[in-house]
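Below: one structure, written as structure tokens.
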Amino acid sequence: MEVTLKAPAKINLSLDVLGKRADGYHELSTVMQTVDLYDTIRISDNDSGKVTISCSYEGVPCDDRNICAKAAYRFFDHCRLPVSGVHIDIDKTIPTQAGLAGGSSDGAAVIMGLNFLFNTRLTPAEMIQIGEKIGADVPFCIEGGTRLCTGIGATMKKLPSFHGVHLVICKPDTVSVSTAEAYQKVDALQKHPCYTDEMVKALFSRDLFMITSSIFNDFELALQIPEVIKIKKTMLDCKAKGAGMSGSGSAVFAVFQSESKAKKCCELLRQTYPETFLCKPIKIGCSIE
Ligand code: ATP
């Protein structure tokens with residue numbers, strides 16, 4: 001048996017790091033949005049008794065370090081099943097180390113795919129419970145759409161959907177951000193009001209100007225990556241309504257009302273940055289094809 005899933009990328013329309021908890025984790029308040037930029041995950045069963053991975057994207061480990069392998073072991077453990085032979089093939093489109101949750105979404109797809117393959121009838125809440133143990137963004141990638149995520153990122157509240165716009169996502173290839181370093185720099189920032197509250201209000205108002213003026217990211221503020229600043233300027237010069245960095249970077253997204261302006265911006269940026277994509281917000285998370 002085989003199952004194929006689409007694992008979407010996410011962007012952070014807004015991201016506030018509220019502070020460090022006693023256990024070392026950071027408390028976040030962020031609005032996440034899935035987009036139609038997908039990795040494709042193919043899962044097949046076999047009688048090897050092992051979880052194996054294939055992926056040709058540079059820098060993605062094809063062993064037990066892969067988030068998909070971790071997700072598979074967590075799934076079998078949760079369902080009290082012995083580890084079965086499964087092969088997971090990852091066809092990556094989502095850039096890595098971009099703040100686009102590529103790995104998390106692949107992991108979310110594996111939980112959904114194994115639930116289908118092994119007919120385990122897990123509820124979304126149970127799949128989220130497994131996802132939480134793999135990474136803070138995994139629960140969101142199971143649900144998708146437009147959501148306010150708080151706590152370490154795994155507590156979710158559905159928001160009015162963000163749609164009717166065109167997005168350009170651009171990943172500079174020369175920059176990779178260490179998450180630990182990113183948090184250190186954020187910790188050194190001066191305290192400010194929670195801008196994500198403004199984004200939530202803006203989404204309820206359904207006013208595009210309010211939404212695009214509320215795009216904010218504490219990591220962008222703390223890191224001040226020159227390449228990100230340059231890309232954002234190009235996007236705004238191309239008449240984007242708003243732009244910002246996603247997650248801990250280094251991908252940058254821009255919101256356009258006009259499809260032709262978005263296309264032009266995408267073509268322009270692609271000349272310098274091959275990992276530039278034209279996409280749209282979507283209302284769902286991982287799905288079976
Ligand atoms: P996030 O937005 O959740 O912080 P990210 O975009 O910063 O995610 P990922 O694409 O999830 O980063 O990848 C980070 C690292 O995780 C990669 O460099 C890679 O070494 C490792 N990794 C493990 N499994 C995967 C996977 N299935 N896809 C991508 N990267 C993976």
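All of these numbers come straight from a predicted model, not from anything done at the bench. Atoms within each ligand, like the ligands themselves, are counted from 1 in listed order.
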Do ligand 1 and V60 have nitrogen or oxygen atoms that lie under 3.5 Å from each other? no
ring-ring contact (aromatic ring centres under 6.0 Å, His included) filter on F216, not counting sequence neighbours, yields H192, Y195
Purely on distance, is any nitrogen or oxygen of G249 under 3.5 Å from one on ligand 1? no
Output all residues satisfying ring-ring contact (aromatic ring centres under 6.0 Å, His included) with F118, sequence neighbours left out; order by chain, then residue number. F76
Other residues, nucleotides, ligands: >12 heavy atoms within 6.0 Å of R147 CZ: yes
Below 4.0 angstrom from a heavy atom of D106, which ligand 1 atoms are there? Numbered from 1 as shown, please. 26 (C), 27 (N), 28 (N)
Give the contacting part of I67 toward ligand 1: side chain, backbone, both or neither, where contact means a heavy-atom distance below 4.0 Å. both
Salt-bridge criterion met for D36 and K280 (N-O under 4.0 Å): no
On a heavy-atom basis, I'd like to know which of K70, K92, Q97 is closest to atom 18 (O) of ligand 1. Q97
Honestly, for P61 the part within reach of ligand 1 (heavy atoms, under 4.0 Å) is side chain
Quick one: is the NZ or CZ of K261 closer than 6.0 Å to the six-membered ring centre of F256, and within 45° of its axis? no
Just going by heavy-atom distances, which of L100, I90, I53, N66 is nearest to atom 25 (C) of ligand 1? N66
Any idea which of A7, G103, G59 brings a heavy atom closest to atom 11 (O) of ligand 1? G103
Using a 3.5 Å cut-off on N or O atoms only, is S248 in polar contact with ligand 1? no
Hey, are K263 and E267 close enough for a salt bridge, meaning a charged N less than 4.0 Å from a carboxylate O? no
